[in-house]
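Only this structure's heavy atoms are used, side chains among them; waters, hydrogens and symmetry mates stay out. Quick caveat: nothing in here was measured; it's all calculated off a predicted structure. Atoms within each ligand, like the ligands themselves, are counted from 1 in listed order.
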Amino acid sequence: MRNDMEEVLFTGEQISQRVKEVAQSIAEDYKGSTPLLVGVLKGAVIFLADLVRHIDIPIELDFIATSSYGASTQSSGVVRILKDLDVPLQGRDVVIVEDVVDSGLTLTYLRDTLLRRGAKSIRIATAFDKPEGRKVPIKPDYCGFTVPNKFLVGYGLDFAERYRHLPYVGVLKRSVYEVE
Ligand code: PRP
C-alpha cells in the first residue's frame, strides 16, 4: 500500500500521540458537562474511535452522514443530510468530530444546523485541517495536525472509498488518481 504513496506525512505513532493530547484538551474543557460527540460519517470514524478512548469524562456519541451536491455546493454551501442524529440537541454541548476541514462548507452548514436545533454550544474537533482549501471562514477548536493542500489518504481519508483504514496519513501518488 505504501507503494501508492508519494510521502508519509504522519505515522500511526505520531497520530496516536497527538490524538491523546487532543482528547485531554477536550476532557479538560468539558469537565462537569457530558458533551455529545457527533461523528461525521464516514471519514471521522477512525479519529473518533481513537479520540473517545482517551477522554476520561462522561460523553455520549452520535453520528451524522452528509453529502454535498457537487458543483452547486461550491456556491451555495448546501449540504444534504443522509443520516441524521438520533438524539435531541436541546441544551447539549456538542463537539462535531471530523477527519478533515477543507473548504469548510460541510462544517459551516452542520454547525449552523445543529445550533438552530437548540444545541447550547458547538465546537469542532478535526484530525486534520487544510486551511489553504478554505472557501468560508471557519476554524476548528481542536485540531490534530495542520496539513498542506495535497491529496491525502489514510486515517479516515479516502480516495474512491479506499485507503481509509491505513493507520498513517500520506500523500497519494498522482499516478493512482490521474488517468493517463
Ligand atoms: C469529507 C470530510 C468532511 C468534508 C470536508 O467528507 O469528511 O466531511 O469532506 O470538506 P469541506 O471542508 O470541503 O466541506 P466526504 O464528503 O468526502 O465524505 P466521507 O467522510 O464519507 O469521506
In chain order, what residues pass the side-chain contact (heavy atoms from CB on, under 4.5 Å) check against [X], with sequence neighbours excluded?
X	value
Ser33	Tyr30, Pro35, Asp93
Ala49	Arg53
Val171	Glu6, Glu7, Leu9, Lys150, Leu152

With a 6.0 Å cut-off on ring centres, are Phe151 and Phe159 close enough?
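When the ring centroids of Phe151 and Phe159 are compared, they turn out to be within the sub-6.0 Å range.
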Between ligand 1 and the protein, give all atom pairs where both partners are nitrogen or oxygen and the distance is under 3.5 Å, as lines of names plus distance to 0.1 Å.
residue  : atom   : partner : partner atom : Å
ligand 1 : 7 (O)  : Glu98   : OE1          : 3.1
ligand 1 : 7 (O)  : Asp99   : OD1          : 2.5
ligand 1 : 8 (O)  : Glu98   : OE1          : 3.2
ligand 1 : 8 (O)  : Glu98   : OE2          : 2.5
ligand 1 : 12 (O) : Asp102  : N            : 2.8
ligand 1 : 12 (O) : Ser103  : N            : 3.1
ligand 1 : 12 (O) : Gly104  : N            : 2.7
ligand 1 : 13 (O) : Ser103  : N            : 2.8
ligand 1 : 13 (O) : Ser103  : OG           : 2.5
ligand 1 : 14 (O) : Ser103  : OG           : 3.4
ligand 1 : 14 (O) : Thr106  : N            : 3.0
ligand 1 : 14 (O) : Thr106  : OG1          : 2.5
ligand 1 : 20 (O) : Lys42   : N            : 3.2
ligand 1 : 20 (O) : Gly43   : N            : 2.9
ligand 1 : 21 (O) : Lys42   : N            : 3.0
ligand 1 : 21 (O) : Arg164  : NH2          : 3.3
ligand 1 : 22 (O) : Asp158  : OD1          : 3.3
ligand 1 : 22 (O) : Arg164  : NH1          : 3.0
ligand 1 : 22 (O) : Arg164  : NH2          : 3.2

Before accepting this row, confirm whether a basic side-chain N of the pair Lys135/Asp102 lies closer than 4.0 Å to the acidic partner's carboxylate O.
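Here Lys135 does not pair with Asp102 in a salt bridge, since their nearest N and O are not under 4.0 Å apart.
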Inspect the contact between Arg117 and Asp84 and indicate whether a charged nitrogen and a carboxylate oxygen are less than 4.0 angstrom apart.
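A salt bridge links Asp84 with Arg117.
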